[in-house]
Amino acid sequence: MKIYNTSQIRNIALVGGNKAGKTTLAEAIGFNAGVINRRGTIEDGNTLSDYRDIEIERKGSVVSTVVSVENGDKKVNVIDVPGFTDLQGELMSALPVCEAAVVVVNAQSGIEVGTEVALRYANRLNTPIIFAMNQLDAEKANFDEYTKELQEEFGEKVTLVQYPVNAGLGFDSFIDLITQKMYKYPKGGGKATIEDIPASESDKVEELRMKLVENAATGDDSLMEKYFEEGDLSLEDIRKGLKMGIASRSVFPVVCISAKEDIGIDRMMEFICNNVPAPNEATNTLNYDGGEKPSYDASKDAVVYVFKAANESHVGEITFMKVIEGEVAASSDLVNSRDASKERFSQISVNTGKNRVAVDKAVAGDIVSTIKLKSVKVGDTLTGAKNQGVKMEKVEYPEPIFTTAIKAVDSTEEEKLGASLNDFTAHDPALRYEIARESKQTIVGGMGEFHINILKWYLDNVYKVKTEFYTQKIPYRETITKDAEASYRHKKQSGGAGQFGEVYLYIQPYTEGMAKQTKYPIRGTEEHELPWGGKLIFNNCIVGGAIDARFMPAILKGIMEKMEEGPLTGSYARDIVVNVFDGKMHPVDSNEMAFKLAGRNAFKEAFKNAGPKILEPIYDLTVTVPADLMGGVMTDLQGRRAIVMGMDSEGKHQVIKAKAPLAEMNRYSTALSSLTSGRGMFTMKYAEYQAVPTDVQNDLLKAYEEESKEED
């Protein structure tokens, strides 16, 4: 493949619902461009995009795939993005490096949940949108109904540039409102014959064309003025207005295709090459950290952004990147802005699915790959010496909404599991894992159950470590609700030096901003921010030397040990004021260990008498559902002890804002999908700890008691 300059490059993402036909469209694009001589199918497992074992097995896209093709004097980098909502991390990685999103709409079902998610991110990034109405050859295809649905959702900016003459079985023709010609395709697809518009369509064409002219005029003030004066625009003006309108998102054009039958693909690609902005023309580009827009100037020192990484059999680590500034050649040496490490590009490749073609260099705006970089991660910026330290904006991936504990079936493979999780999450930033210190569990979190099941497939089949999921422990907290006193004497005599220490404690609930109040005079105070949240206030109220000051740290240590394993359920304790007001010591037998044990047990006794309460993590929950499905969702939330804080409307959707306990949100993503046929979406974020209801606390105490018996 030859080297293209920046103005000749087009970067697009194919996005939309899971069954919209994006992979089939990518296949048709590759076939039309001549990079393959025979179209594969998802059923046969031989497509350009879905070439990985997991995709062949599941018959659907799991990972974004770059398919680069030549079209006339342009190079088009196509990124085929999975449509599953669980895989929206792939969407979030791909959209920022593309100058337009081609939203593939299934003409049999219209806007689907995957379409809504894609459009939400495209709107957030101000990405230009082109709608490709696909599967117009299907029996239930309904172009008019679903273009109307698009217009109801997005307004008058949704603009027909083509419409089908005979949608449904036998579809082979559409009318192009720009060229004012009918494109008729032979059976099985191929090159269209371009014909005059039939007389029977002339009135409809004129009506739709004038709407197209009106919308094209909105792209530029001078065109709008000309349109008002003359009542029409020339073909050249329409094309100019469309290009400007697409870039400014004042026009969302709709084109007609059948990817399966190879109908309209050539004309769609021509439309993309003519109207999608080049990287140096776009207004929605990924910015530098700080907000400055790149110039995409090939004459500048190099800046490269890494948006994707993969580990593939027979190749190893592949790094996908967009050249932001300058040029990158094979054998280039660049510096990683994250850690100042140096990286050498052994080669530069253009990708068409799993096929890679080596090129001498890539210029600003292009999307290419390289292999075997040392320590590059998704989101890193690599630069030449003059731009050292420059970084691109960080993509903020959503917080996981489905979490579970995971362990190796064979306990000797825990270290291997950790290394595998570390590698997988480096390639998929939307999936997280951590080793929870409190529960001693390995926790994985993703965007849904399907996302986690993909991880399981890779662990089983690629990393070769057998794993199992099990219930995640909820990180409860323990605290007190009233004041209490207790004492404990530790005395041990077993020949030789003994152990003796006696401690008197007075404990109080801590609240933010409370005054230092105690019925005992305070001689010294230590305030500890606890690693797990909350505080411990430790007051020395000893008078008359009842306990030597050198033993106070030991008492604190004993108390802290018990706070790390609370008296009720073994959970962390928090928000407590401890006053050490009296005690006794022995001139020979007192030591640090004795006072640590005395402090620990005195605290345990006082805690049980201070109205102990279990706290649970509460999350802010935002649920977006179609208005007609809100009733079932609200009922389900009530059953999860959620408290609805308010509701807003967002187009045809209702947005429910609630507070819900984490303990009740297990598999909520699966439940919501079932309640809404996959159309509901939600986010959740930690908010605070609150006391559990009495009946829940009793159940937790009982469960902990049973668990303790089993361990004994």
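Here, residue 1 is the first one in the sequence, and each next residue gets the next number. Heavy atoms only: backbone and side chains are in, while hydrogens, waters and symmetry mates are out. The structure presented is a predicted model; accordingly, all values stated were derived computationally and were not measured.
- Between Thr622 and Phe682, every side-chain heavy-atom pair lies at or beyond the 4.5 Å cut-off.
- Of all heavy-atom pairs between Lys75 and Ser68, the closest is CE-CB, 3.9 Å.
- When atom types are taken as modelled, the side chain of Thr65 and the backbone of Ser49 share a donor-acceptor pair closer than 3.5 angstrom.
- One distance of note links CG of Leu223 with CD1 of Ile238; it measures 10.0 Å at 0.5 Å rounding.
- Interatomic distance, CG of Leu334 versus CG of Asp380, reported as 12.0 Å (0.5 Å rounding).
- One distance of note links CE of Met447 with CZ of Phe84; it measures 15.0 Å at 0.5 Å rounding.
- A donor-acceptor contact shorter than 3.5 Å is absent between the side chain of Glu145 and the backbone of Asn142.
- Between Met210 and Gly231, the shortest heavy-atom contact is CE-O, 3.3 Å.
- Using a 3.5 Å distance cut-off with no hydrogens or angles, the side chains of Glu325 and Tyr296 do not pair a donor with an acceptor.
- For residues 280-309, the set of pairs meeting the salt bridge (Lys or Arg N to Asp or Glu O under 4.0 Å) definition, not counting sequence neighbours, comprises Lys243-Glu281.
- Between Arg209 and Asp176, none of the side-chain N atoms (NZ, or NE/NH1/NH2) sits under 4.0 Å from a carboxylate O, so this pair counts as no salt bridge.
- Formation of a donor-acceptor pair under 3.5 Å by the Lys22 side chain with backbone atoms of Gly17 is found in this model.
- Summarising the geometry of Leu87 relative to Pro82, their closest heavy-atom pair is CD1-CB, 3.8 Å, with the distance given to 0.1 Å.
- The heavy-atom pair separating Asp266 from Gly190 by the smallest distance is OD2-O, 4.3 Å.
- A donor-acceptor pair under 3.5 Å is absent between the side-chain atoms of Thr47 and the main chain of Gly40, judged by distance alone.
- For the pair Gln8 (side chain) and Asp73 (backbone), a donor-acceptor distance under 3.5 Å is present.
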Under 3.5 Å, which donor-acceptor pairs do the side chains of residues 270-279 form with other protein atoms, sequence neighbours left out?
from   : atom 1 : to     : atom 2 : distance (Å)
Glu270 : OE1    : Arg267 : NH1    : 3.3
Asn274 : ND2    : Glu270 : O      : 3.3
Asn275 : ND2    : Phe271 : O      : 2.9

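- The local environment of CG in Asn123 is crowded, with over 12 non-hydrogen atoms from other residues, nucleotides or ligands closer than 6.0 Å.
- Heavy-atom contacts from other residues, nucleotides or ligands closer than 6.0 Å to NZ of Lys2 number more than 12.
- Checking Ser109 against Glu112 by side-chain atom types alone, a donor-acceptor pair falls below 3.5 Å.
- Checked by atom type and distance alone, the side chain of Arg249 pairs as donor or acceptor with a backbone atom of Thr127 at under 3.5 Å.
- Residues Asp137 and Ile263 form no side-chain contact, since every pair of their non-hydrogen atoms from C-beta on lies 4.5 Å or further apart.
- Of the N and O atoms on the side chains of Thr23 and Ser61, at least one donor lies less than 3.5 Å from an acceptor on the other residue.
- For the pair Leu14/Leu25, a side-chain contact is recorded, criterion being any heavy-atom separation below 4.5 Å from C-beta on.
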Worksheet item: Please walk me through it: do Asn77 and Ile9 pass side chain to side chain contact (heavy atoms under 4.5 Å, CB included)?
Response: CA-CA 8 Å; Asn77 295 312; Ile9 294 169; 3.9 Å; yes

Distance-only donor-acceptor pairs under 3.5 Å for side chains of residues 91-101, two or more places apart:
from  : atom 1 : to     : atom 2 : distance (Å)
Ser93 : OG     : Gly89  : O      : 3.2
Ser93 : OG     : Tyr397 : OH     : 2.5
Glu99 : OE1    : Asn11  : ND2    : 2.8
Glu99 : OE2    : Lys322 : NZ     : 2.5

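- Residues Asn351 and Ser369 bring a donor and an acceptor atom of their side chains to less than 3.5 Å of each other.
- When side chains are defined from C-beta on, Thr283 does not count as touching Asn126, because their heavy atoms never get closer than 4.5 Å.
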Discussion item. Pair Met681, Val117 - check side chain to side chain contact (heavy atoms under 4.5 Å, CB included), show working.
Written reply: CA-CA 9 Å; Met681 292 168 283; Val117 172; 3.1 Å; yes

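- When every heavy atom of Gln162 is checked against every heavy atom of Cys256, the shortest pair comes out as OE1-N, 2.8 Å.
- Ring-plane geometry between Phe154 and Phe252 is classed as perpendicular, the angle between the planes exceeding 60 degrees on a 0 to 90 degree scale with a lower cut at 30.
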Item to complete: Step by step, work out the side chain to side chain donor-acceptor pair (under 3.5 Å) result for Ser248 and Ser250.
Response: CA-CA 6 Å; Ser248 64; Ser250 61; 3.2 Å; yes

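- When all heavy atoms are compared, the tightest approach of Asn134 to Ser258 is OD1-CA, 3.5 Å.
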Item to complete: For the pair Glu327 and Lys361, evaluate salt bridge (charged side-chain N to carboxylate O under 4.0 Å, His left out) and give the outcome as yes or no after the intermediate values.
Response: CA-CA 7 Å; Glu327 296 181 350; Lys361 66 177 183 178; 3.2 Å; yes

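- Looking at Gln180, its side chain never comes within 3.5 Å of a backbone N or O of Leu177 through a donor-acceptor pair.
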Practice prompt. Take Ile367 and Ile79 through the test side chain to side chain contact (heavy atoms under 4.5 Å, CB included) and record every step on the way to the result.
Written response: CA-CA 10 Å; Ile367 290 175; Ile79 304 182; 4.2 Å; yes

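- Among the candidates Thr352, Leu48, Asn46, the single residue satisfying the side-chain contact (heavy atoms from CB on, under 4.5 Å) test with Ile36 is Leu48.
- Using a 4.0 Å cut-off between charged nitrogen and carboxylate oxygen, Arg120 and Glu650 count as a salt-bridge pair.
- Taking a cutoff of 4.0 Å between a charged side-chain nitrogen and a carboxylate oxygen, Lys657 and Asp648 qualify as a salt bridge.
- Of the possible polar contacts, one joining the Lys59 side chain to the Glu43 backbone as a donor-acceptor pair under 3.5 Å is found.
- For Lys19, the NZ atom sits in a loose shell: 12 or fewer heavy atoms of surrounding residues, nucleotides or ligands are nearer than 6.0 Å.
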Item to complete: Show your working on side chain to side chain contact (heavy atoms under 4.5 Å, CB included) between Phe143 and Leu136 and close with a plain yes or no.
Response: CA-CA 7 Å; Phe143 180 84; Leu136 287 166; 3.9 Å; yes

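- For the pair Val15/Val104, no side-chain contact is recorded, criterion being any heavy-atom separation below 4.5 Å from C-beta on.
- A salt bridge links Lys226 with Asp237; the closest basic N to acidic carboxylate O contact falls under 4.0 Å.
- In this structure, OG1 on Thr624 lies 12.5 Å from CZ on Arg679, to the nearest 0.5 angstrom.
- In this structure, NZ in Lys74 is found 5.0 Å from CZ in Arg10, a value given to the nearest 0.5 Å.
- A donor-acceptor distance shorter than 3.5 angstrom exists from the side chain of Tyr146 to the backbone of Gln108, with no hydrogens or angles considered.
- By the 4.5 Å heavy-atom criterion applied to side chains, Phe345 and Leu382 are counted as neighbours.
- Atom NZ of Lys386 sits in a sparse spot, with 12 or fewer heavy atoms from other residues, nucleotides or ligands closer than 6.0 Å.
- Glu156 has its side chain within reach of Lys211: a pair of non-hydrogen atoms, C-beta onward, lies under 4.5 Å apart.
- Leu242 contributes atom CG, which lies 10.0 Å from atom CG of Leu233 (distance to the nearest 0.5 angstrom).
- Within the 3.5 Å criterion, the main-chain N or O of Thr683 finds no donor-acceptor partner in the side chain of Glu399.
- Contact check for Glu225 versus Ser222: no side-chain heavy atoms found under the 4.5 Å cut-off.
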